[in-house]
Amino acid sequence: MGASPLMSLGMRAMAANYAALQVTGHNIANANVEGYSRQRVELATAQAQFSGAGFFGKGSDVETVVRAHDAFLTREALTTQSLAAMDAARLGQLQRLENVFPTGENGLGAATLKFLDAMSDLASNPADASARQVVLARAQELSARFAGAGAQLDSQQQLLREDLKTTVSQVNEITRSIASVNQQIAAVRGLGQPPNDLLDQRDLLIAKLSEQISVTTVRADDGSIGVFAGGGQRLVLGTQALALAVVDDPEDPSRAAIAVLDNGTSLRLNPDTLGGGRLPGLLKFQNDDLVDARALLGQMAAAVAGAVNAQQQRGLNLRPPVGSVPSQNLFSVGAPVALPNAGNQKDASGRYVAQVGLSVVSPSELQASEYRLAADPSGTPGVWQLTRLADGRVTTIADGDVVDGFRISLGSPAPATTDRFLLQPVSRAAVDMRALLTDPRDLAAASPLTASAAATNTGTAAIASLTITDPSVNPQQVATLSFTDDAGAYAWELRDRTTNVLVSSGTGTWLAGQSIPAAPDPAINGFALTLSGVPRSGDVLTVEPTPYPAGNNGNARALAALRDAVLVGRVRLSDGSLAGGGSVTDAYASAMADIGVRVQGAASMASISGAMAAAAETARSNDAGVNLDEEAARLIEFQQSYQAAAKVLQIAQQIFDTLLQATSR
């Protein structure tokens, strides 16, 4: 046997160890490169050669170079990374939203209290022009605060749309890059060896894509990967990438939605199926948190403006001739709107065929919610299903029904059974809130009626308060109440002030703690009278037009009393009574608490999901990443192996030289 087999062994050994050294050097060079996976040489024993003395080995062959990759760990890292990105995106938006509901003197609650405190000052001196001017200034400040808060929410919506556009542009760039890498991988597939660096590049792109939107992948036979978004919508298939776009939400065009552009057709992605990622996090904030914040703000604005306007209209202003000019609203707010769905029926000109009208009936009953109106599943004509989106409560309604303080008018022609509408009773109330009055004389500080007890009364009853309950009160009528027994029974007459002609009459019963008239007693002239003390038979009470409106403070006191009144979020029960609700300060405190809880919850979720993502990435990196200490050890190992292989080759060379010398003699 000559030296040739030994030389072949040495050369194979040198080649194998040289390959290992080369791969190890590649690992060291890319140790700090993002997305790089550690590579290693796969060696196989070369087939031995048979001889009469047995099988003699022929060394080793370099079969391939593989990368460290664990599909489970990679998938776990992508999933947790998507959830962390979603939670972080929502938290960032919520922290900005929290600034719309400040505490202390800058809050809406404080501004409302300042306005109502100014009403108290006006009640102390109703004829003082400066006190009236202060009320108007506080009204301007209050309306500006509400409008400013609403404008902040609109601005955040616009910035969020721009953020979505930027994120979508990044997604489209990544998907195009994935398609390009797919093409390169498929092109070298026929060589029979894995293109490790290209695979790392594609995995890194998919990881970056997962930060924006949660995706699933499917491997094809040619080595390319199909990338699919939530709900199975393809983003990348082979070498083809579909683009995402920011479009108007079909229910509310002021909001953004995400769609896939496929052959010129826009296919909207359902935000509930998108999973994790920055895009779903922004959409969740827009569709849930921002909607709720706008509704909370609008509910307060509508309730405050509605209560103040109603009480303002019940009083007398100082416009000459005093008592003859109806009092006007102090505030205006944004009107309720019913938005037709983009898929509703349209005419030839592109206008929606059917429209739905909304009108506020009872501001204190308005709820902080949007509503979805759709045909009743039973198919009954003229019957519609109304879903309160805040809590999912479903109500069956017909044209003209009043729900949660607002009336729904279906109009003509009636909506088709396939039409849907998004109802926003309070969403635009705050941003369009304005103070309407500029003349101090327009403030209705005086009550149109004044109550008094006859000097000849024998009971201890005195007038505790007189409240105007109906703006249609007739200030030209005088009501006389005469108690007919000691148990509180009374008879009343309503007569014309000028002619003394009897307008109406009736009877009622007074009970301690109740007002006059009390249900079910009939209304007298739009007032409610409360007494202190106890009346006796024969006692007489008179409610007559206010003789000197300039010095009367009855309505100003009623306006100031709104500070502690239940104004926001009352609920009408099945028996027609009202329950629940709170004052303006209670409502604002509740709104701040609601936003604060969301921020704290989002911060907790972001912390947890971030920790999970970091742990998953650490596990993946420990498995696939480069450890420089390990690579240095391998470098020494392969260096020694290479040197040993060189020694084998050197010995083979010496044997060969010896053989040459022996044969040349």
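For the single chain, residues carry numbers from 1 onward in sequence order. When reading the values below, keep in mind they use all heavy atoms of this one structure, side chains included, and skip hydrogens, waters and symmetry mates.
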Run the side-chain contact (heavy atoms from CB on, under 4.5 Å) test on Phe527 and Thr467 for me, step by step, so that the C-alpha distance in whole Å, both residues' side-chain angles and the decisive distance to 0.1 Å come before the verdict. CA-CA 6 Å; Phe527 66 82; Thr467 304; over 6 Å; no
Determine, stepwise, if the pair Arg234 / Val227 fulfils side-chain contact (heavy atoms from CB on, under 4.5 Å). CA-CA 6 Å; Arg234 65 185 174 97; Val227 181; over 6 Å; no
Carefully, step by step, assess Leu389 and Tyr371 under the rule side-chain contact (heavy atoms from CB on, under 4.5 Å). CA-CA 5 Å; Leu389 300 182; Tyr371 300 76; 5.7 Å; no
Assess whether side chain to side chain donor-acceptor pair (under 3.5 Å) is satisfied between Thr530 and Ser515, documenting all intermediate values. CA-CA 5 Å; Thr530 58; Ser515 60; over 6 Å; no
Step by step, would you call Gln299 with Gln367 a side chain to side chain donor-acceptor pair (under 3.5 Å)? CA-CA 6 Å; Gln299 181 194 33; Gln367 302 299 306; 4.6 Å; no
Step by step, work out the ring pair (Phe, Tyr, Trp, His ring centres under 6.0 Å) result for Tyr352 and Phe421. CA-CA 11 Å; Tyr352 292 104; Phe421 296 85; 8.0 Å; no
Carefully, step by step, assess Arg598 and Glu98 under the rule salt bridge (charged side-chain N to carboxylate O under 4.0 Å, His left out). CA-CA 9 Å; Arg598 290 173 190 249; Glu98 197 173 21; over 6 Å; no
Let me see the working for Ser590 and Asp594 under side-chain contact (heavy atoms from CB on, under 4.5 Å), right down to the final yes or no. CA-CA 6 Å; Ser590 177; Asp594 181 271; 5.5 Å; no
Asn263 and Thr265: CA distance, side-chain angles, deciding distance, side chain to side chain donor-acceptor pair (under 3.5 Å) verdict: CA-CA 6 Å; Asn263 293 325; Thr265 303; over 6 Å; no
Kindly indicate, with the supporting measurements, whether the criterion side chain to side chain donor-acceptor pair (under 3.5 Å) is fulfilled by Asn317 and Ser327. CA-CA 6 Å; Asn317 59 64; Ser327 297; 3.2 Å; yes
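Here ring-ring contact (aromatic ring centres under 6.0 Å, His included) pairs that include residues 243-275, with residues two or more places apart or in two chains, number zero. Screening residues 359-371 for salt bridge (charged side-chain N to carboxylate O under 4.0 Å, His left out), with sequence neighbours left out, gives Arg255-Glu370, Glu365-Arg572. Pairs of residues two or more places apart, or lying in two chains, that qualify as side chain to side chain donor-acceptor pair (under 3.5 Å) and include a residue from residues 373-383 are Asp376-Ser378, Ser378-Thr380. Annotation: ring-ring contact (aromatic ring centres under 6.0 Å, His included) contacts involving residues 253-285, sequence neighbours excluded, are absent.
The heavy-atom pair separating Asp87 from Ser609 by the smallest distance is OD2-OG, 2.8 Å. In terms of heavy-atom proximity, Ala528 sits nearest to Thr469 at CB-CG2, 3.7 Å. Heavy atoms only, all atoms of each residue included: Leu116 and Leu559 are closest at CD2-O, 3.5 Å. For the residue pair Asp399 and Leu410, the shortest heavy atom distance occurs at OD1-N, 2.8 Å. Gly298 and Ala429 make their closest contact through O-CB, 3.6 Å (heavy atoms, listed as atom of the first residue, atom of the second, distance). Arg314 and Pro448 make their closest contact through O-CD, 3.1 Å (heavy atoms, listed as atom of the first residue, atom of the second, distance).
Taking 4.5 Å as the limit, some side-chain heavy atom of Leu282 sits within range of a side-chain heavy atom of Arg278. Phe228 places a side-chain heavy atom less than 4.5 Å from the side chain of Leu237. In this structure, the side chains of Leu244 and Leu261 stay at 4.5 Å or more apart for every pair of heavy atoms. At a threshold of 4.5 Å between non-hydrogen side-chain atoms, the residues Thr112 and Thr585 do not count as touching. By the 4.5 Å heavy-atom criterion applied to side chains, Leu330 and Leu436 are not counted as neighbours. Taking the side chain as every heavy atom from C-beta outward, Gln93 and Arg90 never approach each other to under 4.5 Å. Side-chain contact between Asp586 and Val568 is absent, with no heavy-atom pair separated by less than 4.5 Å. Side-chain atoms of Leu267 and Gln233, non-hydrogen and from C-beta on, do get closer than 4.5 Å to each other.
Among residues two or more places apart in sequence or in another chain, the ring pair (Phe, Tyr, Trp, His ring centres under 6.0 Å) test is passed with Phe115 by Phe331.
Here Leu494 contributes atom CG and Ser505 contributes atom OG; the two are 9.5 Å apart, rounded to the nearest 0.5 Å. Atom-to-atom distance recorded for Asp404:CG and Leu366:CG is 8.0 Å, nearest 0.5 angstrom. For the atom pair CG of Asp401 and OG1 of Thr395, the computed distance is 9.5 Å after rounding to the nearest 0.5 Å. Note that CG of Leu297 and OG of Ser427 are 10.0 Å apart. Values are rounded to the nearest 0.5 Å. One finds the CG atom of Leu94 at 11.5 Å from the CG atom of Asn99 (value rounded to the nearest 0.5 Å). Distance check, rounded to the nearest 0.5 Å: CZ of Phe406 to CG of Leu358 gives 6.0 Å.
The residues Asp288 and Lys284 are annotated as salt-bridged, a charged nitrogen and a carboxylate oxygen being separated by less than 4.0 angstrom. Between Arg319 and Asp442 there is a salt bridge, with a side-chain nitrogen of the basic residue lying less than 4.0 Å from a carboxylate oxygen of the acidic one. At a threshold of 4.0 Å, the pair Arg161-Asp248 counts as salt-bridged, since one of the basic side-chain nitrogens sits closer than that to a carboxylate oxygen. Look at Arg428 and Asp154 and you find a salt bridge, because one of the NZ, NE, NH1 or NH2 atoms lies within 4.0 Å of a carboxylate O, short of that distance.
The closest donor-acceptor contact from the side chain of Gln312 to the backbone of Gln328 lies under 3.5 Å. Counting only distance, with no hydrogens or angles, the side chain of Arg145 and the backbone of Gly107 share a donor-acceptor pair below 3.5 Å. Formation of a donor-acceptor pair under 3.5 Å by the Gln95 side chain with backbone atoms of Val599 is not found in this model. Remark: the backbone N or O of Val478 is not paired with any side-chain donor or acceptor of Asn525 at under 3.5 angstrom. Judged purely by atom type and a 3.5 angstrom limit, Asp521 has no side-chain atom pairing as donor or acceptor with the backbone of Pro517. Here the side chain of Ser447 pairs no donor or acceptor atom with the backbone of Asn555 at under 3.5 angstrom. At least one donor-acceptor pair closer than 3.5 Å links the side chain of Asp347 to the backbone N or O of Arg351. Between the side chain of Thr175 and the backbone N or O of Asn172 there is at least one donor-acceptor pair closer than 3.5 Å. A donor-acceptor pair is defined here as one N or O able to donate and one able to accept, closer than 3.5 Å; such a pair exists between the side chain of Asp419 and the backbone of Gln345. Judged by distance alone, the side chain of Gln286 and the main-chain N or O of Leu160 form no donor-acceptor pair under 3.5 Å.
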Under 3.5 Å, side-chain donor or acceptor atoms of residues 332-344 against the rest of the protein: list the pairs with distances, not counting sequence neighbours.
residue	atom	partner	partner atom	Å
Asn341	OD1	Gly343	N	2.9
Asn344	OD1	Arg420	N	2.9
Asn344	ND2	Arg420	O	2.8

